[in-house]
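See structure below.
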Protein chains: 2
Amino acid sequence: MNKTEMKTTTMRGRPAITDAKRQRMRNEIANIAKQLFQDEGYTTISMRRIAREMGCSPMTLYQYYNAKIDILRTLWSDVFNELFDELEVVSRTHTNMLHCLGITYVQYWLDHTEYYRLVFMTDGVNQSDVSTFIDSPELVQRFSVFALAISGSFSEKIEPEELKLKLDAFLCFLNGIAHNQITISGYSWADPDKMVAMAVSAVTD
Amino acid sequence: MNKTEMKTTTMRGRPAITDAKRQRMRNEIANIAKQLFQDEGYTTISMRRIAREMGCSPMTLYQYYNAKIDILRTLWSDVFNELFDELEVVSRTHTNMLHCLGITYVQYWLDHTEYYRLVFMTDGVNQSDVSTFIDSPELVQRFSVFALAISGSFSEKIEPEELKLKLDAFLCFLNGIAHNQITISGYSWADPDKMVAMAVSAVTD
DNA sequence: CCTTTTTATTATACGCGTATAATTTATTGA
DNA sequence: TCAATAAATTATACGCGTATAATAAAAAGG
């Protein structure tokens with residue numbers, strides 16, 4: 001029997017915050033933080049600063065998020081959902097699906113480098129990474145558009161382990177293209193679309 | 001006329017530290033820091049702790065390094081040179097050069113994830129970008145082992161722009177493989193060697 | 001009303017990286 | 001020997017993330 005269930009019976013003491021209220025507060029914090037992170041960068045913005053903008057004390061933020069990094073994590077999922085919405089549109093409207101998916105995926109990050117930095121380049125040295133939420137079931141589910149596109153590009157049925165290899169490699173290649181363009185921006189990279197084309201043929205041949 | 005040149009003429013005031021002495025001090029700090037970083041991790045170890053082990057005040061470290069991250073950068077630079085030394089050995093001793101180069105390159109980063117994070121995942125907004133380092137002439141020079149291996153894998157001469165495309169794509173793919181393994185560590189990725197093999201065939205076919 | 005209980009919120013404190021101010025040290029010219 | 005000077009070193013201070021302690025707020029029971 002957990003606390004939310006206890007709520008139904010009468011209880012002494014100040015009542016715990018409603019789930020709805022809690023969620024509204026989380027959203028408010030996330031929205032303010034998103035704006036600040038995008039404008040001035042994750043490391044530049046402090047919890048004290050977010051609190052000031054919220055009109056609360058710094059420690060109140062910890063009532064709604066375990067840590068500063070957790071606020072960022074919430075923003076990550078928003079970003080991914082937007083991206084995958086685009087990808088699903090592509091998967092329904094294009095015939096040479098894989099190539100278009102690749103282009104869309106890479107181009108999305110190149111068009112939103114600040115998001116890319118938010119998701120894949122959070123302060124390097126500590127060990128908290130993106131995988132904790134990439135592993136969330138609903139996101140794993142979303143990645144299946146790539147798997148379907150790959151298996152769809154073959155006439156005969158493809159073995160699961162070979163599909164996994166192709167899928168993983170394809171995702172690595174796409175991320176690598178985006179990542180190098182963004183992090184090594186001083187170097188004049190070859191056309192991303194052509195590199196995506198190479199990634200596609202590596203997976204479909 | 002700079003300060004080192006001024007040293008030759010007589011000057012008032014406490015003399016600046018010798019280059020040799022400065023280098024000895026840098027080495028001493030680096031050695032202590034390397035041990036501590038390896039034992040307890042970069043984030044865990046503080047400048048105050050390093051100073052304590054050195055028997056000096058925290059701020060004295062800043063006489064020899066601009067920032068904590070610069071100490072790590074120095075350590076990384078050493079190991080990075082070792083990577084390219086390895087790669088050059090590989091390029092001289094193996095026939096299927098490209099595949100071995102790829103394996104070596106990726107495996108290096110997987111063996112030194114903390115250095116990967118340092119170089120490729122530093123928050124680009126607030127300070128030094130990877131490209132400033134990657135663009136340094138001696139490092140660009142080092143990357144040519146990949147270009148040579150690619151052009152060497154074709155019997156007839158390859159056009160420069162096509163070579164560039166293949167080289168850039170190959171580097172993107174390799175970095176992507178390493179990057180995804182490191183940043184999305186919770187996901188069980190396909191065998192890196194097999195993905196490298198796909199990257200190789202994408203470039204050589 | 002007032003106490004009791006439980007939760008939300010805020011205050012305080014710690015160690016961090018490091019900018020800047022203060023101090024010590026090593027040298028030269030008088 | 002003794003100021004003057006310049007570099008090395010150290011002390012102090014700031015804002016940071018956040019753990020923990022203190023306080024305020026909201027409900028129920030007397």
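Here is how names work: the chains are called A, B, and so on, in the same order as the sequence lines, proteins then strands, and each is numbered from 1.
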When rounded to whole Å, the CZ to P distance for the pair Arg52(B) and dG15(C) reads 10 Å
Rounded to the nearest 0.5 Å, the CG atom of Asp85(A) sits from the CZ atom of Phe80(A) at a distance of 13.0 Å
Across all chains, not counting sequence neighbours, the salt bridge (Lys or Arg N to Asp or Glu O under 4.0 Å) partners of Asp70(A) are Arg73(A)
OP1 or OP2 of dG17(C) sitting under 4.0 Å from any side-chain N/O of Tyr42(B)? no
Classify the ring geometry of Tyr42(B) against Phe37(B): parallel below 30°, tilted from 30° to 60°, perpendicular beyond 60°. perpendicular
Sorted by chain and residue number, the side chain to side chain donor-acceptor pair (under 3.5 Å) partners of Asp78(B) (sequence neighbours excluded) come out as none
Side chains of residues 193-205 of chain A: which donor-acceptor partners sit under 3.5 Å, not counting sequence neighbours?
residue   : atom : partner   : partner atom : Å
Ser201(A) : OG   : Ala197(A) : O            : 3.4
Ser201(A) : OG   : Met198(A) : O            : 3.0
Thr204(A) : OG1  : Val200(A) : O            : 2.9

Here the distance between atom P of dA8(C) and atom CZ of Arg26(A), to the nearest Å, is 14 Å
With sequence neighbours left out, the residues meeting side chain to side chain contact (heavy atoms under 4.5 Å, CB included) with Glu53(B) are Ile32(B), Leu36(B), Arg49(B)
Please list every donor-acceptor pair under 3.5 Å in which a side-chain atom of residues 56-66 of chain B meets a protein atom from a residue at least two apart or in another chain.
residue  : atom : partner  : partner atom : Å
Ser57(B) : OG   : Thr60(B) : OG1          : 3.4
Tyr65(B) : OH   : Arg26(B) : O            : 3.0

Applying salt bridge (Lys or Arg N to Asp or Glu O under 4.0 Å) to Asp111(B) and not counting sequence neighbours gives none
Sorted by chain and number, sequence neighbours left out, side chain to side chain contact (heavy atoms under 4.5 Å, CB included) with Arg12(B) holds for none
Rounded to whole Å, CD1 of Ile50(B) lies from P of dG17(C) at a distance of 8 Å
- Would you say Ser57(A) reaches dT9(C)'s phosphate, i.e. side-chain N/O to OP1/OP2 under 4.0 Å? no
To the nearest angstrom, the CG-P distance between Asp70(A) and dG17(D) comes to 14 Å
Across all chains, not counting sequence neighbours, the side chain to side chain contact (heavy atoms under 4.5 Å, CB included) partners of Glu86(B) are Thr104(B)
Query - side-chain N/O Tyr64(B) vs dT9(D) OP1/OP2, d < 4.0 Å - result: yes
Readout for nucleotides 21-30 of chain C: B = base within 4.0 Å of protein heavy atom, S = sugar-phosphate only, - = neither; 5' to 3' it is ----BBBBS-
In whole angstroms, the gap separating P of dG17(D) from CD1 of Ile29(A) amounts to 14 Å
Could you write out each protein N or O paired with an N or O of nucleotides 18-22 of chain D at a distance under 3.5 Å?
residue : atom : partner  : partner atom : Å
dT18(D) : OP2  : Tyr62(A) : OH           : 2.9
dT18(D) : OP2  : Lys68(A) : N            : 3.0
dT18(D) : O5'  : Tyr62(A) : OH           : 3.4
dT18(D) : O4   : Arg48(A) : NH2          : 3.1

Contacts of Met97(B) meeting side chain to side chain contact (heavy atoms under 4.5 Å, CB included) (sequence neighbours excluded), chain-then-number -> Ser91(B), Leu101(B), Ala149(B)
Per-helix bend value, the helix from dC1(C)-dG30(D) to dA30(C)-dT1(D), C1' rotation axes over five pairs per end, 10° rounding, shows 50°
* So, do Trp189(A) and Phe170(B) have ring centers that fall under 6.0 Å from each other? -> no
Ile17(A) atom CD1 is separated from dA27(D) atom C1', nearest whole Å, by 14 Å
From CG of Leu61(A) across to P of dA11(C) the rounded distance in Å is 14 Å
(message) Please confirm whether the shortest side-chain N or O distance from Ser46(A) to OP1 or OP2 of dC16(D) is below 4.0 Å.
(response) yes
Whole-Å distance, Gln63(B) CD to dA7(D) P, equals 10 Å
